There are 2 protein chains.
Amino acid sequence: MVQALSRRDRVRAATTQEIIQTARRLLVEQGPEAVSLRAIAREMGMTAPALYRYFSSHEELLRFVVADIFTEVADHVRTAIHAVGSIEAADSADVADLMVLKMAAGCREFRAWALEHVPEFSMIFGSPMPGLEVLHEIQNDPTLDCGYQFGQVFLGLFGELYRRRPFAIPADDEIDPSLREQLAKYRQLVHSDLPLGALQTFLRCWVLLYGTVSLEVSGHLKFALDDASPMFELMLADMAPMVGLDQPLPRHN
Amino acid sequence: MVQALSRRDRVRAATTQEIIQTARRLLVEQGPEAVSLRAIAREMGMTAPALYRYFSSHEELLRFVVADIFTEVADHVRTAIHAVGSIEAADSADVADLMVLKMAAGCREFRAWALEHVPEFSMIFGSPMPGLEVLHEIQNDPTLDCGYQFGQVFLGLFGELYRRRPFAIPADDEIDPSLREQLAKYRQLVHSDLPLGALQTFLRCWVLLYGTVSLEVSGHLKFALDDASPMFELMLADMAPMVGLDQPLPRHN
DNA sequence: CGCACTGGTAAACGGTGTAAGCTTTACGAT
DNA sequence: ATCGTAAAGCTTACACCGTTTACCAGTGCG
């Protein structure tokens, strides 16, 4: 099924990638408004309409940029999780503890990456992309897949934590019926074998993590706090009991 | 000190208001990109440069729009809180319960307003406005005051709840020193007499509420849920113990 | 009356995304 | 090896955008 790439196709892919990277550089160096077709083309020694050979519109180009950012943050979080230690190297009794450490490391890395990459973070998690409703109908939307991959990083970790050291989750019949139905659909979508209650807990954790980081990064906490890191740690403390810990998610030094 | 407005000044204020309302209408009907000076002017039967008689730039106009939206959502929440019942009419024993109902009503109204006014919500709580850092140094920035007023609605309610039925809060020396310092500054800024621990709890509640609503409105929960209302209710259930309740924040019918 | 100010205009500058058409280059199949 | 074709540039053009400038019709006031 998969065709070997011809030389021309490889050149094309390389150029496509270069366009995306140029767009990202402009985003970081000069802000979101600077990411114009003309600016990108200028930066690459081309003219703006030439970019239409690679992307059908400005918006599509941006969606590829978003996808690129998504995979980067996913990689960062994955790496941070992995750096905590490997499961094989640990005593089987310590494995559960290790998973907890990985969880904390993943969350903290997510925040750290966000704070170091504010424009990128705003791009992928900021206000709804123009034409978001339509976006869900697009077939080859790269953001969907990359967003999915990103979610899998956290969900995979969460699932493993649950398997290694099961914590209290609501039984199926304790879950709001409407929510239960949606969770079932979601479980199927992400090919998970976790109980619905675990998925509910997972989503609650994600809301907590996203809300805290997003609020801090967007600057909408500045009215009260200059440095929101203590609030982030408090959030982690809130998250701990959700996954069956008495202690806040510990630091891994 | 306050001068009576001359007739001309009243006309001017009315026109200013009409510009803002036109901008809001365009925002709602045609999305954020449609709020251009030319479009506003066209809509009002004027030309774009005429708007410069009222606002010094496009961005300043937008900041006034944001301020307008802020006061509207604040009014909505305030009204919803008030509609639950007046304190005078209640038995003194029921007053505390009443405050809890008001709290729940305020949070739910905030979400309801956000869902009914997605473009406006994205405008005031979305990704950081271009040049946000500078924004804090502007003197007559209307968004600062209106954002403050908005915060006071929730903080006032929270404070009254705490006074009527004090709940467990961390003592000053249990608070992270860095956070304690910032909370002290914040308390002074908002002229509150609440203990620092209460302010910390308040901010945690706000992070929870904002994060949940923002995630839902921006559509970044769609990957899992079509209807996020059950998650919102779960969030309210999480919030309840923070303010000393065993039961989730009850509904007021 | 004359003067200054207010609130509008049109024109223009440099910027944007995008569409259309033309040219050159280079690959692939015959 | 050649020829057709498609890819990947280019230029030009259009309709927008925010903003500045210069100009002009009123209005209110000394």
Side-chain angles (χ1 to χ4, degrees), chain A residues 3-23 25-27 29-66 119 123 129-131 134-135 138, chain B residues 3-23 25-27 29-66 119 123 129-131 134-135 138:
Chain A
Q3 198 86 11
L5 291 177
S6 73
R7 191 186 160 277
R8 235 185 20 201
D9 285 345
R10 270 186 286 114
V11 163
R12 185 169 220 287
T15 309
T16 304
Q17 205 52 34
E18 192 189 340
I19 293 172
I20 294 175
Q21 294 311 321
T22 306
R25 221 191 59 231
L26 284 169
L27 171 67
E29 293 175 358
Q30 297 172 234
E33 295 120 33
V35 189
S36 68
L37 290 181
R38 285 184 153 89
I40 297 170
R42 199 183 310 130
E43 213 63 22
M44 297 180 65
M46 302 200 305
T47 59
L51 297 176
Y52 279 80
R53 300 283 168 187
Y54 300 89
F55 302 96
S56 68
S57 72
H58 182 71
E59 201 219 342
E60 192 191 47
L61 195 162
L62 290 188
R63 284 211 308 274
F64 274 82
V65 173
V66 167
M123 182 132 213
M129 294 268 106
V134 188
L135 194 141
I138 296 174
Chain B
Q3 199 85 11
L5 291 176
S6 73
R7 189 183 161 279
R8 263 230 308 250
D9 285 345
R10 271 186 285 114
V11 165
R12 184 169 222 287
T15 309
T16 304
Q17 205 52 34
E18 192 189 341
I19 294 172
I20 295 175
Q21 295 311 321
T22 306
R25 222 191 58 232
L26 284 170
L27 171 68
E29 294 176 357
Q30 296 173 234
E33 297 118 30
V35 189
S36 68
L37 291 181
R38 286 183 153 92
I40 297 171
R42 199 183 311 130
E43 209 73 13
M44 297 179 65
M46 303 200 307
T47 60
L51 297 176
Y52 280 79
R53 302 286 174 188
Y54 299 90
F55 301 97
S56 69
S57 72
H58 181 71
E59 203 219 341
E60 191 190 48
L61 194 162
L62 290 188
R63 285 211 308 275
F64 274 83
V65 172
V66 168
M123 182 132 211
M129 292 268 107
V134 188
L135 194 142
I138 295 173

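Predicted model only: the values in this text are computed from it and were never measured. Proteins come first, then strands; the chains are lettered A, B, ... in the order of their sequence lines, and each starts at number 1.
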Inset, instruction - Have a look at Thr15(B) and say if it touches a base, only the backbone sugar-phosphate, or nothing, with a 4.0 Å heavy-atom cut-off. - result: nothing
Inset, instruction - Please check the phosphate of dT6(C) (OP1 and OP2 only) for any side-chain N or O of Arg12(B) closer than 4.0 Å. - result: no
Inset, instruction - Let me know the distance between CG of Leu51(A) and C1' of dA7(D), rounded to the nearest Å. - result: 15 Å
Inset, instruction - Return the minimal non-hydrogen interatomic distance between Ala41(B) and Ala48(B), and the atom names on each side. - result: CB-N, 3.5 Å
Inset, instruction - Round to a whole Å and report the spacing from OH of Tyr54(B) to C1' of dG18(D). - result: 19 Å
Legend entry - Rounded distance (Å) that lies between atom C1' of dT16(C) and atom NE2 of His58(B): 13 Å
Legend entry - Nucleic acid contacts of residues 34-42 of chain A, taken as heavy-atom distances under 4.0 Å to DNA chain C: Ser36(A), Leu37(A), Arg38(A), Arg42(A)
Inset, instruction - Quick one: label Ala50(A) by what it contacts on the DNA or RNA (base, sugar-phosphate, nothing), any heavy atom closer than 4.0 Å. - result: sugar-phosphate
Inset, instruction - Could you tell me the separation between the OG1 atom of Thr16(B) and the CG atom of Asp9(B), rounded to the nearest 0.5 Å? - result: 10.0 Å
Legend entry - DNA chain C: 5'-proximal contact among Arg53(A) and Ser56(A) (nearest heavy atom): Ser56(A)
Legend entry - Criterion side-chain contact (heavy atoms from CB on, under 4.5 Å) on Leu61(A) and Ile40(A), from CA distance to verdict: CA-CA 11 Å; Leu61(A) 195 162; Ile40(A) 297 170; 4.0 Å; yes
Inset, instruction - Round to a whole Å and report the spacing from CD of Glu43(B) to P of dC16(D). - result: 14 Å
Inset, instruction - Would you mind reading off the distance between Arg63(A) atom CZ and dG17(C) atom C1', rounded to a whole angstrom? - result: 16 Å
Inset, instruction - From the options dG18(D), dA8(D), dG8(C), select the nucleotide whose nearest atom is closest to the side chain of Tyr52(B). - result: dG18(D)
Inset, instruction - Specify the separation, in whole Å, of atom CZ of Arg10(A) and atom P of dA26(C). - result: 16 Å
Legend entry - Minimum-distance nucleotide (side-chain atoms of Met46(A) versus dG9(D), dT9(C), dT11(D)): dG9(D)
Inset, instruction - Hey, could you give me the CD/CG distance between Glu43(A) and Leu26(A), rounded to the nearest 0.5 Å? - result: 5.0 Å
Inset, instruction - State which of dG8(C), dT18(C), dG9(D) makes the closest approach to the side chain of Pro49(A). - result: dT18(C)
Legend entry - Residues that Tyr54(A) engages under ring pair (Phe, Tyr, Trp, His ring centres under 6.0 Å), provided they are two or more places apart: none
Legend entry - Length of the line joining Asp9(B):CG and dT27(D):C1', which is rounded to integer Å: 14 Å
Inset, instruction - Could you state the atom-to-atom distance from CZ of Phe55(B) to C1' of dT19(D) in whole Å? - result: 16 Å
Inset, instruction - For the pair Phe55(A) and Leu37(A), evaluate side-chain contact (heavy atoms from CB on, under 4.5 Å) and give the outcome as yes or no after the intermediate values. - result: CA-CA 10 Å; Phe55(A) 302 96; Leu37(A) 290 181; over 6 Å; no
Inset, instruction - Compare every heavy atom of Ala34(B) with every heavy atom of Ala39(B), then report the nearest pair and how far apart it is. - result: CB-O, 3.4 Å
